[in-house]
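All heavy atoms count here, side chains included; hydrogens, waters and symmetry mates do not. Per chain, numbering begins at 1; letters A, B, ... match sequence-line order.
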Amino acid sequence: MLANEQVIDGRGWRSGALVEKKQLSQWFLSITKFAPDLLEALGGLDRWPERVKLMQSNWIGRSEGARVRFKLTEPAAELSDIEVFTTRPDTLFGMSFLAVAAEHPLAAATGARDPKAAEFIAECRRMGTSEAAIEQAEKRGFDTGFRVKHPFTGREYPVWIANFVLMEYGTGAIFGCPAHDQRDLDFARKYGLSVTPVVLPAGADAATFAVGDVAHTEDGISYNSGFLDGLGVAAAKRHAIDELEKLASGQGIVNWRLRDWGVSRQRYWGCPIPFIHCDDCGVVPVPDDQLPVRLPEDVDFAKPGNPLDNHPSWKHVACPKCSKPARRETDTCDTFVDSSWYYARFCSPRAAEPVTRGAVDSWLPVDQYIGGIEHAILHLLYSRFFSRAMKEAGHLSVDEPFAGLFTQGMVQHESYKGADGRWLYPEEVDFAIAADGTRSATVKGSTEAVTIGRVEAMSKSKRNTVDPGAIIAKYGADTARWFILSDNPPERDMEWTESGVAGAYRFTQRVFRIVEAALPALPPAGSAPEEAGKALRRATHRAIATVTEALETFAFNVAVARLYEFANAIEAAKDAPGGARREAFEMLARLAAPMMPHLAEEVWSLLRPQDTSLVAELPWPEADPALLVAESITLAVQVLGKLRSTIDVPVAATEAEIFAAAEAEENVKRAIGDKPIKKRIHVPGRVVNFVI
RNA sequence: GCCCGCCUGGCGGAAUGGUAGACGCAGCGGACUUAAAAUCCGCAGCUCGCAAGGGUGUGGGGGUUCGAGUCCCCCGGUGGGCACCA
């Protein structure tokens, strides 16, 4: 049993053996039951990123269409007809073939009577199982020899097995209309199947319109389509569905892309699925008082197969119902199962029962959830499913587990592979730059060549990770925090680099130094800041306001920048009176505290030796609104949208005064020349623009 | 292949449709020093110009607007996800 990522070019990543898909009996959780609600409730998640909601919405994939039954001209095994799902029932008259997935019963029936078909199906089974692998594989098909009757025309069409039809989506069968679906067109061209256009693009001539290599998937008017002729796509869909229902050959339905969640894993590392198989009683749940089922610790990983299944005694238990010998389920749960409800468990982590009503009702939903963008779909959707299922089972009161979501970007790094294909940590690699600028790499302390891979998300499996421990060891934890937070906006992906860490370290030193140097001249703690220190006080309160805003929006890098600016302003105001300077230093410590807590406390204790409170215990500072209002403002002056000058005007200046001042600027006069001013635009506090 | 992001100086990045490049790194010049480190002062997108100032510039191309890094369309590059990596 291999994971998708362990399959490379259809072979096992270590053994190199050909991979084959097999049918297994497994456990599924019926997330599809909640599909409509999981989709609709996205609209209420107003503190979730739009992109995450969009991705989930696409993943759930609601689509309206029709199921259409095609009668087989001869029965295949027990099948007398094949049902397809389509979102384009309006193009039924453009049909040229029907295609089923390799796992479809009709494919099996064909394989049973035709060895060549069986061979084709076997080839499909050797294809990778991931959606990406299937969609990127060369489109291939096999004519089963079976034929179906068109429900409207009675005409007969061939049934193919196609490797791009997914058994998991819809009914595992499609009807092909090459003129209006690109994939069907590629398939039809490859196998010489007919292409009949039935939707005429606006402005095209029905007599001459033909489809070349590009299918027409846009709107148009139905033609060559019997009773649908003359209708637009939407109307034709409705009409076609009405007709199918009248003929009892199909019906309009809503189809979902979301599939039930297969949670079975044939691995050791997961929670055992708590069921017991009894020959007489069937599948029996493990009684509550025997939960949780614990994994055996004496397992043998050397043998191929599922270690739990191979274990000599673990699975042999008595049936809880009839006490006869029975077998434990040896599949374990996908580890996503655990991460789907830990937020509920964490409300009362030491409780004897899985979740405690009082605790979850008090704490949930999680006010602010933070996670990597890689979890945008699976983990976050599974969690939303679990909270709904747990609510239905009476364990929770909330539908949504996470009221606010922030998705951080991925930290990336180049990856490295040794000559034998093993992954290497960055610190195991030496680099050289040739005269022509090309980089090369070798294993440290040897001449073994290293392949430099692409820049991608850090992961343990690819070993492209960097431990911030080295920075902490060299510069301390405050510098490490400050540097990491200052480097880039957290929602954005970033390539890891240590450049800049020296600057972060310098800043920590500087903060301590300027406070220490100023200390002897500062008035005692609690002294009122003087009116004469207003300029510095403005800077202080602007820092409070801007740092606060940056932190609240997770723009930590901006918060850091504002603190650099503030420190610069403090140093530039060496002559400001002591009370204002004390206020500035104290605020510097308090505003920096979330990002360099140790230094902040140290500085705070220097400034307030009598004070036993910690910065961490103080309420967050608030800016004085009176100090945030500027006395004069700088306006940009543009002529035809191009910057020509700037003017400083009092806050109270009237628009007429502003235009007059702007027009008086030498540069502005020159740019206007002798042309008349057609329009004067004034955006208060921002810009003046003259249109000439 | 499909879905979703991202792309701004040498580098990380800032910028409610309104002065692009704040702040930091790296760099350059200067001060201090016997010297170095540390520190301090200054310069800095590119380009023309002695300067004043001009041109140009946010991946490429088009569009909307008095005004576009920001909004719209097309293209390119790159990252995340694609259900068994978690």
Side-chain angles (χ1 to χ4, degrees), chain A residues 1-7 26 31 49-59 61 129-137 139 164 168 182-183 257-267 334-336 338-339 372-379 381-382 407 409-410 412 454-457 459-462 483 486-489 491-495 497-504 506-507 509-510 513 555 557-558 560-565 567-568 571 634-646 666-667 670-671 678-692:
Chain A
M1 176 64 64
L2 293 174
N4 278 336
E5 73 158 7
Q6 295 168 331
V7 178
Q26 305 206 75
I31 188 171
E50 285 305 318
R51 61 167 159 156
V52 173
K53 291 191 275 186
L54 190 55
M55 281 189 263
Q56 290 211 353
S57 169
N58 290 337
W59 184 263
T129 56
S130 74
E131 193 181 316
I134 292 165
E135 293 219 17
Q136 280 170 271
K139 308 282 173 281
F164 61 85
E168 291 81 16
Q182 192 60 47
R183 208 162 44 176
R257 207 185 78 97
L258 184 66
R259 310 199 295 262
D260 275 332
W261 176 12
V263 294
S264 279
R265 299 290 182 272
Q266 293 72 42
R267 301 175 189 281
D334 181 356
T335 53
F336 269 129
D338 311 308
S339 59
I373 187 63
E374 77 275 20
H375 291 303
I377 297 173
L378 294 182
H379 162 58
L381 191 62
Y382 290 152
T407 48
M410 310 290 293
Q412 302 164 177
R454 70 187 181 98
V455 173
E456 57 191 316
S459 72
K460 278 174 271 185
S461 61
K462 291 193 175 136
F483 166 63
S486 71
D487 211 39
N488 79 335
E491 72 278 10
R492 200 186 288 191
D493 294 336
M494 64 166 301
E495 192 176 344
T497 166
E498 284 183 23
S499 103
V501 69
R506 267 204 297 273
F507 186 69
Q509 304 301 300
R510 183 176 160 210
R513 196 173 53 241
N557 58 322
V558 179
V560 166
R562 296 294 166 250
L563 284 167
Y564 274 116
E565 285 172 359
N568 291 343
E571 283 206 277
T634 304
L635 291 177
V637 183
Q638 301 176 338
V639 177
L640 285 175
K642 278 196 188 216
L643 181 72
R644 293 301 173 187
S645 183
T646 58
E666 277 309 317
N667 242 7
R670 186 171 28 208
K678 285 189 204 151
K679 195 171 169 190
R680 292 175 171 80
I681 294 160
H682 171 224
V683 182
R686 294 284 180 185
V687 76
V688 170
N689 189 15
F690 296 112
V691 184
I692 56 174

- Message: If the glycosidic angle sits within 90 degrees of zero it is syn, else anti. Tell me which applies to G9(B).
- Response: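 Glycosidic conformation of G9(B): syn.
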Roughly how far apart, to the nearest Å, are [N] and [M] at atom [atom1]?
N: C3(B); M: U64(B); atom1: P; answer: 28 Å
N: U19(B); M: A14(B); atom1: C1'; answer: 14 Å
N: C71(B); M: C6(B); atom1: P; answer: 9 Å
N: G18(B); M: G12(B); atom1: C1'; answer: 26 Å
N: C4(B); M: G49(B); atom1: P; answer: 50 Å
N: C66(B); M: U78(B); atom1: C1'; answer: 36 Å
N: G27(B); M: C82(B); atom1: C1'; answer: 45 Å
N: U16(B); M: C84(B); atom1: P; answer: 41 Å

For a quick check of understanding: with a heavy-atom distance under 4.0 Å over all strands, which category does [X] fall into, base, sugar-phosphate or nothing?
X: M494(A); value: nothing
X: N557(A); value: sugar-phosphate
X: V691(A); value: sugar-phosphate
X: S486(A); value: nothing
X: T634(A); value: base
X: Q182(A); value: nothing
X: S264(A); value: base
X: Y564(A); value: sugar-phosphate

Which one is paired to [N], where only Watson-Crick or G-U wobble pairs with both distances under 3.5 angstrom count?
N: A44(B); value: none
N: C84(B); value: none
N: G57(B); value: none
N: U34(B); value: none
N: G5(B); value: U78(B)

- Pairs satisfying side-chain hydrogen bond (donor to acceptor under 3.5 Å, both in side chains), at least one member in residues 681-692 of chain A, at least two apart: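 Those involving residues 681-692 of chain A are E655(A)-H682(A).
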Quick one: are [X] and [Y] in side-chain contact, heavy atoms under 4.5 Å?
X: T129(A); Y: V7(A); value: no
X: R265(A); Y: M1(A); value: no
X: I373(A); Y: M410(A); value: yes
X: T646(A); Y: V637(A); value: no

Between [N] atom [atom2] and [X] atom [atom1], what is the distance in whole Å?
X: N689(A); N: G18(B); atom1: CG; atom2: P; answer: 13 Å
X: E495(A); N: C25(B); atom1: CD; atom2: C1'; answer: 16 Å
X: N568(A); N: C23(B); atom1: CG; atom2: C1'; answer: 8 Å
X: E50(A); N: C4(B); atom1: CD; atom2: P; answer: 13 Å

- Query: A376(A) and Q56(A): which non-hydrogen atoms are nearest, and at how many Å?
  - Reply: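 Closest approach of A376(A) to Q56(A), heavy atoms only: O-NE2, 3.0 Å.
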- Please report the closest heavy-atom contact between E168(A) and R259(A), naming both atoms and the distance.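 In terms of heavy atoms, the two residues are closest at CB-CD, 3.1 Å.
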Residue [X], side-chain heavy atoms: nucleotide from [options] that is nearest:
X: K642(A); options: G13(B), U56(B), C84(B); value: U56(B)
X: A3(A); options: G18(B), G1(B), C85(B); value: C85(B)
X: I681(A); options: G13(B), C84(B), C66(B); value: C66(B)

- Query: Does the distance from a Lys or Arg side-chain N to an Asp or Glu carboxylate O, for R257(A) and E131(A), drop under 4.0 Å?
  - Reply: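 Judged by the 4.0 Å cut-off on N to carboxylate O distance, R257(A) and E131(A) do form a salt bridge.
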- Distance check: side-chain N/O of R686(A) vs OP1/OP2 of G17(B), anything under 4.0 Å?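 So the side chain of R686(A) is outside the cut-off, no N or O lying under 4.0 Å from OP1 or OP2 of G17(B).
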- Message: I want to check one thing: is the phosphate of G24(B), taken as OP1 and OP2, less than 4.0 Å away from some side-chain N or O of R562(A)?
- Response: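 False: R562(A) side-chain N/O out of range (4.0 Å or more) of G24(B) OP1/OP2.
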- Query: Which distance, rounded to the nearest 0.5 Å, do you find between the CZ of R267(A) and the OG1 of T335(A)?
  - Reply: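 Result: 10.0 Å between the selected atoms.
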- In Å and rounded to the nearest 0.5 Å, what is the CD to CG distance from E498(A) to D487(A)?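 So the gap between those two atoms works out to 10.5 Å.
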- Query: Angle class for the Y564(A)/F507(A) ring planes (parallel below 30°, perpendicular above 60°, tilted otherwise)?
  - Reply: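 The arrangement is tilted - the two ring planes meet at 30° to 60°.
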- Going by the angle between their ring planes, with limits at 30° and 60°, are Y382(A) and F336(A) parallel, tilted or perpendicular?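 The arrangement is perpendicular - the two ring planes meet at more than 60°.
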I'd like to know if [X] reaches the base of [N] with its side chain, counting only an N/O donor and acceptor under 3.5 Å.
X: R267(A); N: C84(B); value: yes
X: Q6(A); N: C85(B); value: no
X: Q638(A); N: G18(B); value: yes

- Task: Starting at the 5' end of nucleotides 37-54 of chain B, put B wherever the base has a protein heavy atom under 4.0 Å, S where only the sugar-phosphate does, and a dash everywhere else.
- Result: --SS------------SS
- Once base and sugar-phosphate atoms are separated, protein heavy atoms under 4.0 Å mark nucleotides 78-83 of chain B, 5' to 3', with B, S and - as -SBSBB
- Task: Would you mind telling me which residue lines up with the more 5' stretch of RNA chain B, N488(A) or K139(A), judged by nearest nucleotide?
- Result: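 Nearest-nucleotide comparison on RNA chain B picks K139(A).
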- By nearest nucleotide on RNA chain B, pick out whichever of K679(A) and D487(A) is the more 5' one.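 That would be D487(A).
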- Message: Strictly distance-based, threshold 3.5 Å: is any side-chain N or O of E135(A) a donor or acceptor partner for the main-chain N or O of F164(A)?
- Response: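 Answer holds: no.
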